[in-house]
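Notes follow the structure.
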Amino acid sequence: MTASMAGRELGTVVGLVSPTLRGSSAALWRAQNARETYRAYLVAMHGVVRASVPLMNLALERCRQNGGRDRAMSVLAARLPEHLQAEQDHDAWLARDMAAAGLDVRYELARQPSAEIAALVGAQYYWIEHHHPVCLLGYIAALELNAPHPELAGLLAERTGLPSAAFSTIRLHSQLDAGHGAAVLDLLDATQLDQSLSCAVRISALHTIRSLASAFDAIRATRTHEEQP
Amino acid sequence: VTIPGESNFDELERAGFPVWSCSEQEQAVLAALTRAELDLILDLKARLDAAEPEVQGHGPVAGGALF
């Protein structure tokens, strides 16, 4: 593999395993109690999304501190701010959706996020601090390249009976994230990673997909358990 | 289960990935995967294979990762 192809290489690997994540999400959306399942999904996703800007800020800070160490950190220090701008306030969107879905937002946000969400997001804090901030691009790409399908918001509104306002975040992400995903792969190409860091980014993406599939499976398992008499 | 001497292509194909229909560029990526990457990919494929057939052929009612 050549050093400047890291983005395209990551796209190939994510494409190979994305069917597993889509399968887990499809199973989630087929659950019997669609309304309660969607509410649990919103709470779980708030646990993910509220860490997006802090994760990028941490990566940016580490890159600025070590900017001269390698080209990847210099490129990230220059280009992460524009990506940061694009992700502002998404947690506030989700909180509004939670309220529109009938959840007590203050109560839900006071609850501890699940172990699956901690494993998904927490790995990124570890790799930024203890390996290399560029690992975060694997996480971002894996999530952005598996954004909600454009028809999902309408289908879920039909299945749950919840108002349209409860689906604004997935509706917006289905419109925005395809472009964001491509931009992250381009950014990765620009970093000109060596083989070792390219591999680290792909491992980060694969871990992300596996952890998110586990988080979706855990929501479904909890809902199924609660539905049993 | 890994078989000594087996290539990445062989392992991926045995797991059900249509690797020989991939483009040359994609095949170059797959050939260079490390053991750690391959293990994660095979684990994810096993999870998909264990899922119910109706969710393996998911339609628009899929996706949902948010960043």
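Order of the sequence lines fixes the chain letters, A, B, ..., with proteins taken first and strands second; residue numbering starts at 1 for each chain.
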Task: Contact list for residues 18-42 of chain B, test ring pair (Phe, Tyr, Trp, His ring centres under 6.0 Å), sequence neighbours left out - done: F9(B)-W20(B)
Task: F67(B), part contacting chain A, at a heavy-atom distance under 4.5 Å - done: both
Got a second to check how far [X]'s [atom1] is from [Y]'s [atom2], nearest 0.5 Å?
| X | Y | atom1 | atom2 | result |
| --- | --- | --- | --- | --- |
| D43(B) | R210(A) | CG | CZ | 4.5 Å |
| T20(A) | D49(B) | OG1 | CG | 8.0 Å |
| T12(A) | Q25(B) | OG1 | CD | 6.5 Å |
| D91(A) | L66(B) | CG | CG | 12.0 Å |
| T34(B) | I203(A) | OG1 | CD1 | 5.0 Å |
| R202(A) | L40(B) | CZ | CG | 11.5 Å |

For [X], is it the side chain, the backbone, both or neither that has a heavy atom under 4.5 Å from a heavy atom of chain B?
| X | value |
| --- | --- |
| A205(A) | neither |
| D217(A) | side chain |
| L16(A) | both |

Task: Interface residues of residues 40-57 of chain A facing chain B - non-hydrogen atoms under 4.5 Å apart - done: Y41(A), M45(A), V48(A), V49(A), S52(A), M56(A)
- [ ] State, to 0.1 Å, how close P148(A) and A65(B) come at their nearest heavy-atom pair, and which atoms those are.
- [x] CD-O, 3.5 Å
Open item on the list: Checking S214(A) against R47(B): is there a side-chain donor and acceptor pair closer than 3.5 Å?
Closed with: yes
Task: Other residues, nucleotides, ligands: >12 heavy atoms within 6.0 Å of E158(A) CD - done: no
